Amino acid sequence: QKAKALQERFAAEVRALQVIDAAVLSGSGEQELMELTARLFGELTQARTCAVVVPTADAADLSLLAAYGSGGGEVARTAELLSHLEAGESVAAWAISHCQPIASENVLRASEILSDRPTGTAATAAPIMGNGRCIGALMACFPQDGFSGERLEQTARFANQLSVCIQNVQHRTLFKGLALETMFAMAEAIESRDPYTGDHCRHLADYAELLAAFLNVSEAEKETIRCG
């Protein structure tokens, strides 16, 4: 029974990671991937809250980019907690500064920060890497006190998957930009023979992008429309 339960949990985790990977292939952006990862990890582990946080520009505070909550008001509660913490006062901050996963048996014990806090919450966090440095952390809080090695390893695996996906999106954006500039350069070389058609293709792409933004289409559709 124990082995079967472990196998089922592992299969559920693999399915969740595959959903994240498929989202990258379908053209999802960084924000969509962070929201998807927070939701899938929260659902898989039955976390009270799950969030993606990054340090602010001056590294003095933490900023909440995506969050999932299993109960009423949990996301707002997480945002409130982060707003009261200094950059070094949370498991997420430790994971970011040390580039290592971390777990706490009860992150809110003896805390006076939240008036309506739960009686006890265990927490895990793992770094999200990008271009050889830590750019944020995946953090999860759980309704029960206590440490779980399996839970910490799961947090690290999902953070690693998100790291890879974000880098893939950034590379995709870079390559698309290079391809678009190459296309414009070729078009401008052809148009340069006639002063009346100068920059026609670039202007056409800009107007198409403005129209796509007005129609509120997805980022993938905007890119398709801009490239014509």
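Worth saying up front: this structure is predicted, and the values here are computed from it rather than measured. Computed over heavy atoms, backbone and side chain alike; hydrogens, waters and symmetry mates excluded.
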Residues in side chain to side chain donor-acceptor pair (under 3.5 Å) contact with [X], at least two apart in sequence or another chain:
X    : answer
R15  : none
Q161 : none
T45  : none

Which heavy atom of [X] sits nearest to which heavy atom of [Y], and what is that distance?
X    : Y    : answer
A122 : R151 : CB-NH1, 4.3 Å
I20  : C165 : CG2-SG, 3.7 Å
G136 : P55  : CA-CD, 4.4 Å
A16  : L40  : O-CD1, 3.6 Å
M129 : Q167 : O-NE2, 3.5 Å

Just verifying a value: how many Å separate [X] [atom1] and [Y] [atom2], rounded to the nearest 0.5 Å?
X    : Y    : atom1 : atom2 : result
F142 : S104 : CZ    : OG    : 11.5 Å
F41  : E13  : CZ    : CD    : 8.0 Å
C141 : R48  : SG    : CZ    : 8.5 Å
C99  : I128 : SG    : CD1   : 11.5 Å
T124 : Q154 : OG1   : CD    : 9.0 Å

Kindly indicate whether the side chain of [X], heavy atoms from C-beta on, has any atom under 4.5 Å from the side chain of [Y].
X    : Y    : answer
Q100 : P127 : no
P101 : T155 : no
Y68  : E43  : yes
R157 : E153 : yes

Requested in this report: Under the side-chain contact (heavy atoms from CB on, under 4.5 Å) rule, what do V24 and L33 come out as? Steps first, then yes or no, please.
Outcome: CA-CA 8 Å; V24 177; L33 289 170; 3.8 Å; yes
Report task. Would you confirm whether T37, through its side chain, and M34, through its main-chain N or O, come within 3.5 Å as a donor-acceptor pair? Result -> no
Report task. Check whether any side-chain N or O of D21 sits under 3.5 Å from a backbone N or O of L17 as a donor-acceptor pair, and report yes or no. Result -> no
Verify the cluster assignment for [X] and [Y]: are they in a single hydrophobic cluster under the rule of side-chain heavy atoms below 4.5 Å apart?
X   : Y    : result
L36 : L44  : yes
L65 : F158 : yes
W94 : M139 : yes
V19 : V52  : yes
V53 : I135 : no

